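I'd like to ask you about the structure that follows.
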2 protein chains.
Amino acid sequence: MTTGTTGIRHPSLIAWMHLMRVYSKMQHHSSDHLDDYDLTPAQFEVLAHLSGSQGISQQSLAEKLLVTKGNVCGLIDRMSAQELVERRADPEDRRSNLLFLTGKGVELASAVIPAHEQYIVQHMEALSPEEQRTLGALLRDLDKYLDHH
Amino acid sequence: MTTGTTGIRHPSLIAWMHLMRVYSKMQHHSSDHLDDYDLTPAQFEVLAHLSGSQGISQQSLAEKLLVTKGNVCGLIDRMSAQELVERRADPEDRRSNLLFLTGKGVELASAVIPAHEQYIVQHMEALSPEEQRTLGALLRDLDKYLDHH
DNA sequence: TATTGTTATACTCTATAACTATA
DNA sequence: TATAGTTATAGAGTATAACAATA
């Protein structure tokens, strides 16, 4: 972004610049935090997604994470080596694996997710609850819009 | 995020979830766009930062990009191999390099940055100019807050 | 034919840490 | 001593593309 000395910029560029910075700073700090649990941000996302919907396929997870199925394969390889996740055969489609958290995975998720949420809540305290709702609503609209554009 | 079946969530968690999604989707699409110019997102950021302030040191660039000086060194290695950027000795501190765009770098920046900005403006059209300003103001406040927390 | 998952390949980004040269 | 940059190492994440098994 940073168009240098340009005085006037489109409001959307300003919004995007700050969005990128907020994202980077939050990810940066939060990845320190995830280090305590030996999780990378991508692995945390897997944990969080599976926590919400166990038994999905690798393909389905790939779509949610916006990465390829090849990536998910490697990600699950690493996480199942750590015994956080397991693949189970899908009785209805023998091509497919269904993904589940192990006991250890559930335990880790139940520790790291609340801690992570608390971390986010704390860092968003710069904004009032009302502002947080406004921000959420604007970003939700943008999020939905980006699905068709 | 995705706390699964939980009904009530803190407004900041909703905002953060959508912020992550918006960021991911925008980056994903925009990285296709940058591919046309043979640029990675990180390289684009270098181009954009140098466009705004030529003659900064590698250390200073590292701080702006929120990465280590070792990363910047490799990044500049790759970009100077492509003749987009050059290192010049700092006459006032012989430890330091000052970074400049080459003619080719300036040319590329002057093509890719406006195209990229146009891309962002288009994708933010989901929101009215007024909403974009509101979003920008909220994210700016959050951005500043995160510098001290 | 199309889809799920796997594998092979390659590259970028990233961090850490030790090193050199300057300050 | 401290700082700027370099280098070596290592690992994760990512994409692409070809492949096998199954639908």
Side-chain angles (χ1 to χ4, degrees), chain A residues 20 23-25 27-47 49 55-82 84-99, chain B residues 20 23-25 27-47 49 55-82 84-99:
Chain A
M20 283 199 306
Y23 179 88
S24 299
K25 290 174 188 176
Q27 281 296 106
H28 214 257
H29 296 163
S30 105
S31 125
D32 290 345
H33 169 243
L34 292 176
D35 279 346
D36 296 341
Y37 298 88
D38 271 312
L39 286 172
T40 65
Q43 289 167 352
F44 174 79
E45 287 305 312
V46 171
L47 221 53
H49 274 96
I56 62 176
S57 70
Q58 294 185 195
Q59 178 61 41
S60 164
L61 181 59
E63 286 160 12
K64 292 185 180 185
L65 298 179
L66 295 175
V67 298
T68 63
K69 57 189 178 172
N71 289 133
V72 165
C73 192
L75 214 37
I76 299 301
D77 281 350
R78 288 187 286 275
M79 292 182 77
S80 82
Q82 296 177 267
L84 295 173
V85 173
E86 65 186 22
R87 295 168 163 107
R88 296 187 199 158
D90 181 343
E92 302 193 340
D93 185 341
R94 290 165 60 199
R95 293 172 304 182
S96 187
N97 292 328
L98 303 183
L99 299 174
Chain B
M20 282 200 306
Y23 180 87
S24 298
K25 290 174 189 175
Q27 280 296 107
H28 213 257
H29 296 163
S30 106
S31 129
D32 291 345
H33 169 244
L34 292 175
D35 279 346
D36 297 340
Y37 299 87
D38 270 313
L39 286 173
T40 65
Q43 288 168 352
F44 174 80
E45 287 304 312
V46 171
L47 221 53
H49 274 96
I56 62 175
S57 69
Q58 295 184 194
Q59 178 61 41
S60 163
L61 181 58
E63 285 160 13
K64 291 187 181 184
L65 298 178
L66 295 176
V67 298
T68 63
K69 58 189 177 172
N71 289 132
V72 165
C73 191
L75 214 36
I76 299 301
D77 282 348
R78 288 186 286 275
M79 292 181 77
S80 84
Q82 296 176 267
L84 295 173
V85 172
E86 64 186 21
R87 294 168 163 108
R88 295 187 201 158
D90 181 342
E92 302 193 340
D93 184 340
R94 289 166 61 200
R95 293 172 303 181
S96 185
N97 292 327
L98 303 184
L99 299 174

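All values derive from a computational prediction rather than experimental measurement.
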Please tell me which of B:D35 and A:P41 maps to the more 5' nucleotide of DNA chain D, matching each residue to the nucleotide holding its nearest heavy atom. A:P41
Of the candidates C:dT7, C:dT14, C:dT16, the side chain of B:T68 sits closest to C:dT16
DNA chain C: 5'-proximal contact among B:T40 and A:D77 (nearest heavy atom): A:D77
Which part of the nucleic acid, if any, lies within reach of B:N71 when heavy atoms closer than 4.0 Å are counted: base, sugar-phosphate only, or nothing? base
Could you walk me through whether A:K69 and A:Q59 satisfy the side-chain contact (heavy atoms from CB on, under 4.5 Å) test, starting with their C-alpha distance in whole Å, then the side-chain angles of each, then the deciding distance to 0.1 Å, before giving a yes or no? CA-CA 6 Å; A:K69 57 189 178 172; A:Q59 178 61 41; 3.6 Å; yes
Whole-Å distance between C:dG5 P and A:D93 CG? 8 Å
Minimal non-hydrogen separation, B:S80 against B:R87, with atom names: OG-NH1, 4.1 Å
Heavy-atom pair of closest approach, residues A:D38 and A:Q82: O-NE2, 4.1 Å
Between B:S96 and B:G70, whichever has its closest DNA chain D nucleotide further toward 5' is B:S96
For DNA chain D, note the earliest and the latest nucleotide, 5' to 3', having some atom under 4.0 Å of a heavy atom belonging to chain A. D:dA12 to D:dA23
Once you round it to whole Å, what is the distance between P of C:dT4 and CG of A:N97? 12 Å
First locate atom OG of A:S57, then atom CG of A:N97, and finally report the distance between them rounded to the nearest 0.5 Å. 9.0 Å
Spell out, as yes or no, whether a donor-acceptor pair under 3.5 Å connects the side chain of B:H49 to the backbone of B:L65. no
Whole Å only: how far is the CD1 atom of B:I76 from the P atom of C:dC13? 11 Å
In whole angstroms, how far is the C1' atom of C:dT22 from the CD atom of B:Q58? 15 Å
In this structure, how many angstroms lie between the P atom of C:dT12 and the CG atom of B:L65, rounded? 17 Å
OG of B:S96 to CD1 of B:I56, rounded to nearest 0.5 Å, is 10.5 Å
Looking at CZ of B:R78 and OG1 of B:T40, how far apart are the two atoms once the value is rounded to the nearest 0.5 Å? 7.5 Å
Under 4.0 Å from any atom of DNA chain D, heavy atoms only: list the residues of residues 85-92 of chain B that qualify, in numerical order. B:R87
To the nearest Å, give me how far apart CD (B:Q43) and C1' (C:dC11) are. 11 Å
Between A:L75 and A:Q43 the two heavy atoms that sit nearest each other are CD1-CG, 4.1 Å
Walk me through it: do B:I76 and B:L61 pass the test side-chain contact (heavy atoms from CB on, under 4.5 Å)? CA-CA 10 Å; B:I76 299 301; B:L61 181 58; 4.2 Å; yes
Measure CG/A:L98 against C1'/C:dG5 and give the value in whole Å, please. 13 Å
d(CD, A:E63; C1', C:dT4) in whole Å: 11 Å
Remember a base hit wins even if backbone is also touched, and classify B:G74 as base, sugar-phosphate or nothing at under 4.0 Å, heavy atoms. nothing
